[in-house]
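Below: one structure, written as structure tokens.
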Amino acid sequence: MKHTRLLAALTALSMLPCSACGLVKEQRKGATLEVDLSKSYALEEVTMQGSKLDPLTVVDEGIIMTRYSRKDGYKCYLRRNDTGEFLELGDWHPWQPIGIGRGDNGSYILIQMDSVGREGGHDVIDYKTRTVEVFDQNLKLSESFAMPDEVPVSSSFVQDGDGNWAVISSDDEGYYGYYLLDPNFHLKGEIKSGINPDAFVCGASGTLYGKYTNDAGYATIQRLNADTMQMEEIGELKAVGIRDIMNGNGDYELYYSVENGIYGMRADGTSELVVDYWNSDLPDDVWRCFALRDGSFIVNYIESLSNNSCYYRLKKRTEEELASIQCISLAGVALDKRLVQDVTKYNQSQSAYRIVMKDYGKEMLEDMDNLSPEIQQEIKDAANEWRDPYINYTPAIEQFKSDLLSGTVPDIVCMDDLPSRSLSNKGLFADFAPMLAADERFDESLYYMNFLDGLKTGDRLERIGFSFHLETVLGKTDLVGEQQGRNVDEYIEMLENRPEGTAIFGYAWDNRDTYLDLFALKAQNAFINEQDMSCSFNSPTFVKILELAKSVPPYDEADSEWTQVITEDELQNYALGYSEGKILLARQDYIKPIQYHEAHYGDFRREDVTLVGYPETGTGNGGMYYMKYTISLTAQSNMQEPVWDFIMDQLSKPKQSKMCMDSWNWEANSFPVMREPLENAILAATRGANRDLGNMNEQEAETFLQYFENVRMYDNSDINISYIILEEAQKYFNGDCTSQQAADAIQSRCSLYLSELA
């Protein structure tokens with residue numbers, strides 16, 4: 001939920017995407033921040049006659065892959081690095097090989113699982129019946145024999161540099177055995193362990209390594225000592241969220257991939273970034289990786305918007321290729337995944353220009369040793385969060401500010417959560433409004449202009465976004481009435497007049513964080529006069545907000561109490577709380593139209609509901625929206641034309657039509673700012689989008705569609721003011737001052753801050 005993310009971010013001053021970028025200084029006098037493209041690789045899709053193949057293992061000549069056919073099963077191919085051609089290796093087989101290696105005289109060895117019968121029209125396997133197939137250098141079958149029954153049951157066989165085979169097998173008690181077999185599959189040794197590795201691969205030296213993930217989300221690498229049959233730990237990798245580990249080559253003993261790239265690890269456990277996905281035209285949807293002997297990589301990219309799986313070969317760009325790249329620079333802290341996807345897709349379609357990205361937050365995480373122990377621990381803790389991880393990016397933000405003040409600026413700034421009010425006053429950004437008015441490709445009648453106009457600072461559109469999430473609050477009409485767009489006082493009056501015994505949000509959601517977020521942080525603009533930059537945080541209304549927040553426990557305490565006392569019956573009653581009037585309001589964060597139907601038919605059991613919304617600070621209906629991301633063009637940039645082409649590309653109908661998809665991936669869903677695609681998405685929700693609750697009916701679709709017309713509030717709380725509110729309010733919650741004294745302190749500090757901006 002957005003409000004949870006915002007509170008976590010404010011408390012740690014985190015998630016402030018900023019900017020900086022620009023490449024070759026001598027090419028222009030605009031943006032000045034340089035982006036390192038030394039880790040940039042060229043992209044080439046790996047296909048064979050239109051088919052997608054699944055890589056299995058790396059050999060000196062290239063990579064062995066399998067092709068799947070629903071009719072025939074699996075067939076292996078050798079894709080040669082030098083020619084790119086695919087050579088057949090064996091016949092069709094019902095299963096993928098569970099092991100591939102090399103034998104004497106350059107032969108190829110495939111370990112196949114065999115069927116032991118058929119049941120229900122399908123082949124049955126027991127993992128014990130396995131056949132070893134040997135192919136000569138010309139890829140012709142030369143020998144085939146059954147693997148000895150005493151070889152442990154395993155679904156994966158990995159070969160070391162001496163031709164030995166390693167397998168992992170578990171017993172009935174959950175203990176894992178590491179078995180080392182000689183080239184003829186005779187047992188050489190065994191290790192018992194209570195931990196199952198995530199991966200088992202062969203290093204460049206021929207040594208076998210296992211990867212484990214510890215409780216902090218860090219990967220630990222252990223080396224198999226074949227002489228002593230011991231697993232030896234060689235160090236903890238410094239990157240969080242290791243996705244895959246792969247074989248090494250002459251430069252590195254091993255490679256491992258994280259969200260944003262590939263690291264090379266040496267035999268002593270030290271490592272460094274080798275491949276930067278973003279500036280290699282790939283977003284971070286990369287999972288399986290294979291390091292080829294020629295220094296290139298095969299990666300499996302799964303596009304979140306379509307769930308389409310592709311394999312690409314990444315080949316390091318030459319100095320000549322790098323010198324010919326004309327760059328548009330973009331930078332921020334913790335860049336949004338959707339922005340990265342949009343940029344990389346745009347780059348794949350361009351030849352004249354490229355957008356190169358710099359993420360100060362990513363670079364901070366790559367330099368963990370220079371962070372304070374407290375921030376290092378926060379990062380480790382974040383890796384275990386069941387919700388979105390929130391990391392204290394303060395060092396990265398400070399580095400950005402330092403670069404910006406010293407004149408190091410990008411072409412494009414990612415603006416999410418930045419104190420835009422203060423940056424705008426510095427004249428840093430260009431105005432998009434006249435560009436939209438002058439561009440014949442843009443017809444404002446085709447767009448929800450309220451979502452674009454809401455981004456304006458005064459009459460200037462200094463930031464722009466392309467898709468959004470909608471936040472609102474639902475209430476049963478019998479309890480809350482039909483009014484939308486209530487001001488803060490009207491909202492509090494609605495809460496105070498609720499029936500006795502009716503909770504506001506119910507159970508753990510009736511907590512201090514929720515109340516502060518709803519009435520103080522998101523509604524802060526109700527207490528700020530933009531004309532003279534004055535404020536009224538010492539008003540009786542704001543004092544009442546602080547007192548209301550103190551009347552309920554903090555989130556952690558409320559959540560703990562709820563989870564300790566909740567029973568199955570109470571949980572069922574909680575689900576009925578909205579329709580039976582036991583719970584007044586339900587906060588909603590919509591990324592798909594069907595979610596309104598799910599709340600109406602599910603939580604409220606088809607009772608009449610009102611989209612009450614948030615405390616209104618203007619003339620809207622209480623709806624609040626936030627863009628998936630927003631960007632600005634720095635006034636110093638002389639790359640205005642190509643930047644504008646990127647913006648118009650994102651506003652085009654083909655790109656807007658890909659928003660609001662009914663995807664399992666949260667990152668793939670958001671509402672487009674173009675009318676037709678959004679209307680089509682809502683109509684699609686009336687044709688069967690929820691298997692449990694049925695279709696969205698026409699009345700719901702009309703209500704939801706009409707609601708978009710009058711949304712006016714952009715979730716653009718000033719991060720500095722929010723931090724002041726949280727800090728001073730906590731003193732009141734701790735008993736160090738009265739509610740009025742806390743409000744006076746907030747007033748004093750915010751007045752000073754706003755006067756400095758004015």
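In this structure S445 satisfies the side-chain hydrogen bond (donor to acceptor under 3.5 Å, both in side chains) test together with D443, sequence neighbours excluded. Remark: F537 engages F527, F542 in a ring-ring contact (aromatic ring centres under 6.0 Å, His included) (not counting sequence neighbours). Under the rule for a side-chain contact (heavy atoms from CB on, under 4.5 Å), the partners of T344 that lie at least two apart in sequence or sit in another chain are P283, V340, M357. In terms of the side-chain hydrogen bond (donor to acceptor under 3.5 Å, both in side chains) criterion, Y447 has no residue partners (sequence neighbours excluded). Applying the side-chain contact (heavy atoms from CB on, under 4.5 Å) criterion to N734, with sequence neighbours excluded, gives Q730, D736. Not counting sequence neighbours, E490 has no partner by the salt bridge (charged side-chain N to carboxylate O under 4.0 Å, His left out) test. For E462, the salt bridge (charged side-chain N to carboxylate O under 4.0 Å, His left out) test picks out R460, with sequence neighbours left out. Qualifying side-chain hydrogen bond (donor to acceptor under 3.5 Å, both in side chains) partners for S751, counting only residues two or more places apart in sequence or in other chains: Q747. In this structure K476 satisfies the salt bridge (charged side-chain N to carboxylate O under 4.0 Å, His left out) test with no other residue, sequence neighbours excluded. Contacts of Y448 classified as side-chain hydrogen bond (donor to acceptor under 3.5 Å, both in side chains), with partners at least two apart in sequence or in another chain: none.
Shown here for E728 and I746, the closest heavy-atom pair between the two residues is CB-CG1, 3.5 Å. Between G506 and I583, the closest heavy-atom pair is N-CG2, 3.8 Å. Nearest heavy atoms, M533 versus L754: O-CB, 3.2 Å.
At a cut-off of 3.5 Å, with distance as the only test, no side-chain donor of Y625 or R712 sits close to an acceptor on the other residue. Side chains of T610 and T477: a donor on one and an acceptor on the other come within 3.5 Å. In the model, D517 has no side-chain atom that pairs as donor or acceptor with a side-chain atom of T514 under 3.5 Å. There is no side-chain donor-acceptor pair under 3.5 Å between D603 and Y578. Residues T541 and D489 bring a donor and an acceptor atom of their side chains to less than 3.5 Å of each other.
Counting only heavy atoms from C-beta outward, the side chains of Y714 and T630 approach each other to under 4.5 Å. Under the 4.5 Å side-chain criterion, counting only non-hydrogen atoms from C-beta, L678 is not in contact with V673. A heavy-atom distance below 4.5 Å is found between the side chains of F505 and L518. Under the 4.5 Å side-chain criterion, counting only non-hydrogen atoms from C-beta, F466 is not in contact with K628. Within the 4.5 Å cutoff, side-chain heavy atoms of Y515 are placed close to those of D510. For the pair I721 and I528, the minimum side-chain heavy-atom distance is below 4.5 Å.
Within the structure, salt bridge (charged side-chain N to carboxylate O under 4.0 Å, His left out) contacts touching residues 673-684 (residues at least two apart or in different chains) are K653-E676, R675-E709. Residue pairs meeting the salt bridge (charged side-chain N to carboxylate O under 4.0 Å, His left out) criterion with at least one partner in residues 541-553, sequence neighbours excluded, are E496-K544.
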Apply ring pair (Phe, Tyr, Trp, His ring centres under 6.0 Å) to Y601 and H597, showing your working. CA-CA 6 Å; Y601 267 44; H597 169 74; 4.5 Å; yes
So M624 and T472, side chain to side chain contact (heavy atoms under 4.5 Å, CB included) or not? Walk me through it. CA-CA 6 Å; M624 181 175 286; T472 189; over 6 Å; no
Starting from the C-alpha separation in whole Å, work towards a yes-or-no answer on side chain to side chain contact (heavy atoms under 4.5 Å, CB included) for S722 and Q524. CA-CA 8 Å; S722 295; Q524 65 179 244; 2.8 Å; yes
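Figure legend: R338 and Y629 shown without cation-pi pairing, the cationic atom not lying both under 6.0 angstrom from the six-membered ring centre and within 45 degrees of its axis.
Shown here is Q483, whose CD atom has more than 12 heavy atoms of other residues, nucleotides or ligands within 6.0 Å. Within 6.0 Å of atom CD in E530, more than 12 heavy atoms from other residues, nucleotides or ligands are found, so the atom counts as buried in its surroundings.
Using bins of under 30°, 30° to 60° and over 60° for the plane-to-plane angle, the ring pair F468/F671 lands in the tilted bin.
A salt bridge is absent between E607 and R605: the closest approach of a Lys/Arg side-chain nitrogen to an acidic carboxylate oxygen does not fall below 4.0 angstrom.
Here Y707 contributes atom OH and N621 contributes atom CG; the two are 4.0 Å apart, rounded to the nearest 0.5 Å.
Tested against I631 for a side chain to side chain contact (heavy atoms under 4.5 Å, CB included), the candidates I647, V343, V413 yield a single pass: I647.
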